[in-house]
Amino acid sequence: MQLQKKICLLGMYSVGKTSLIERFVYHRFSDHYLSTLGAKVTKKSLQISASDGQQIEYNLLIWDIAGEETENKIPPSYLLGAAGAILVADLLRPETIEALPSVLERFKEINPGAAVVLAGNKKDLLQDIESDSKEILRLAHQLKLPCHLTSAKTGCQVDSVFSALASSLLSRDEANQVISPPKKKAKTRQAKDQKR
Amino acid sequence: MTPENRTSTGKTGVDPLHQLKEILLTDDQRRISELENEVIDLHQMLADKERLLATLSPILTDLLGRKIHESRDDMATALAPLMGEAIRKQVEDSKEDVVDALYPIIGRMISRAVAESMKNLVSSINEQINRRLNVTLWVQQLRARFLGVSTGEILLAESASVQIDHLLIIHQKTGLLIAHKSSTNESEIQVIGSMLQVIKSFIEDAFAEGQHTGDLYEIEHSERTIRIESSRYFYLAVVYSGVPTAAFNESVRGLVHKIQNRYQKPLRDYQGDNSQFNGIDKYLTRFLKANLQR
């Protein structure tokens with residue numbers, strides 16, 4: 001079964017949203033910083049097994065939304081209809097972590113049932129991982145959200161953060177009965193044969 | 001002295017049975033009295049229409065909200081017969097209020113329809129002028145006579161002026177591509193659909209004036225035009241080159257209405273599953289064929 005989903009990458013400017021997408025979709029990284037204007041959409045497919053064993057192919061339309069000083073500057077129509085979001089912070093800039101609760105609040109106002117995952121990016125630049133990641137892990141615990149410490153540069157945990165989001169999408173789709181049980185062709189044939 | 005008198009007075013003059021009754025039943029009697037008062041109060045409340053309404057109003061809103069949330073279709077079925085009557089009554093009672101409420105929508109629809117009709121009229125007049133001045137018309141007339149058909153048919157056949165490259169059905173809320181037909185192989189067609197949504201959202205937000213929002217109708221790029229026809233849950237984007245005729249514009253609107261009517265429920269409840277739109281290809285293919293013949 002194939003499902004399409006709109007997902008958003010949100011967070012302050014220069015936290016590495018575009019780099020995470022570049023790494024996840026194209027397996028590449030550039031140190032050259034180019035600020036995103038408005039939004040840009042990229043596509044990536046992910047296969048995931050449903051609880052009944054059925055293979056679900058998620059076609060993720062990933063909206064890379066320009067980071068703003070305040071989340072209110074993002075047009076609501078960019079967020080509307082998103083099934084999920086990855087909220088990204090720069091582990092070396094505490095203000096980007098502090099901004100996440102209000103970004104989450106705005107996103108959830110528009111998409112109350114959506115799945116959300118946190119990503120603490122630029123892990124490769126940390127001197128003391130345990131101490132420097134404490135703040136985002138504390139926030140993730142407080143908000144009850146999964147959190148991954150990522151590095152777009154090395155690729156560390158990048159696939160995992162998108163997979164975690166896909167798993168959350170799957171749980172929601174199973175709960176909302178969006179995922180239909182696989183068609184049992186063999187049984188139908190058997191039934192027809194029996195009728196004959 | 002009778003035994004009754006003895007027991008009623010006793011030595012101290014107080015009836016022990018009465019005393020026992022009082023000890024055992026005081027609480028119950030008080031409770032009965034309270035309940036009596038409550039029953040009286042309830043009767044009064046039932047009789048007092050205003051009080052009853054004040055009590056029930058907040059619950060009714062919640063109840064209706066919950067019922068609509070739980071079984072939207074059932075509520076729609078239950079309320080549907082009343083809707084026509086309710087609207088008619090409202091129009092009879094307060095015409096002005098209804099006009100005020102509908103003006104932002106109807107006004108916009110009328111201005112758009114008038115603008116489009118004017119555009120078509122200008123296009124049609126230009127076509128006629130060009131035809132009259134064009135010397136090739138004489139050649140066409142000779143050809144028509146030779147082939148035994150009317151000049152109009154020859155002109156119509158040669159004015160297949162629109163070349164359609166893409167037809168995209170895009171979900172209004174998410175920007176996800178529901179269906180498409182393309183004359184070229186375009187692997188990233190889903191991304192094109194979503195980027196179109198980004199552009200559309202940006203323009204509509206940027207030029208929204210207060211409460212007055214509008215829909216993006218057309219984008220021109222080089223020789224290509226992207227014509228957007230919006231419906232409640234989706235929009236149709238036709239990427240074409242050439243000069244559209246009034247009949248082409250009409251067929252775009254017709255296609256949108258057909259899809260809206262046929263797939264209303266899956267469009268409303270869309271969660272990214274395109275398998276719910278079986279047969280939508282048929283509508284798009286028919287549209288392409290009709291516009292190829294034109």
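So that the names make sense, note that chain A is the first sequence line, chain B the second, and so on, each numbered from 1. Small disclaimer: the values here were computed from a predicted structure and weren't measured.
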request  = Could you walk me through whether A:Lys122 and A:Leu91 pass side chain to side chain contact (heavy atoms under 4.5 Å, CB included), step by step?
outcome  = CA-CA 6 Å; A:Lys122 306 193 186 178; A:Leu91 288 167; 5.5 Å; no
query = A:Leu80 versus chain B, heavy atoms under 4.5 Å apart: side chain, backbone, both or neither?
reply = both
request  = Run through A:Asp64, A:Val116, A:Val15, A:Leu79 and flag the one making a side-chain contact (heavy atoms from CB on, under 4.5 Å) with A:Leu10.
outcome  = A:Leu79
note = Whatever's closer than 4.5 Å to a heavy atom in chain B on A:Asn176 counts as neither
request  = Heavy-atom distances under 4.5 Å only: say whether B:Asp273 touches chain A with side chain, backbone, both or neither.
outcome  = both
query = Within a reach of under 6.0 Å around CZ of B:Phe277, are more than 12 heavy atoms found that belong to other residues, nucleotides or ligands?
reply = yes
query = Among B:Ile169, B:Leu167, B:Leu255, which one satisfies side-chain contact (heavy atoms from CB on, under 4.5 Å) with B:Tyr283?
reply = B:Leu255
message = Does any backbone or side-chain atom of B:Ser194 lie under 4.5 Å from a heavy atom of chain A? Answer side chain, backbone, both or neither.
response = both
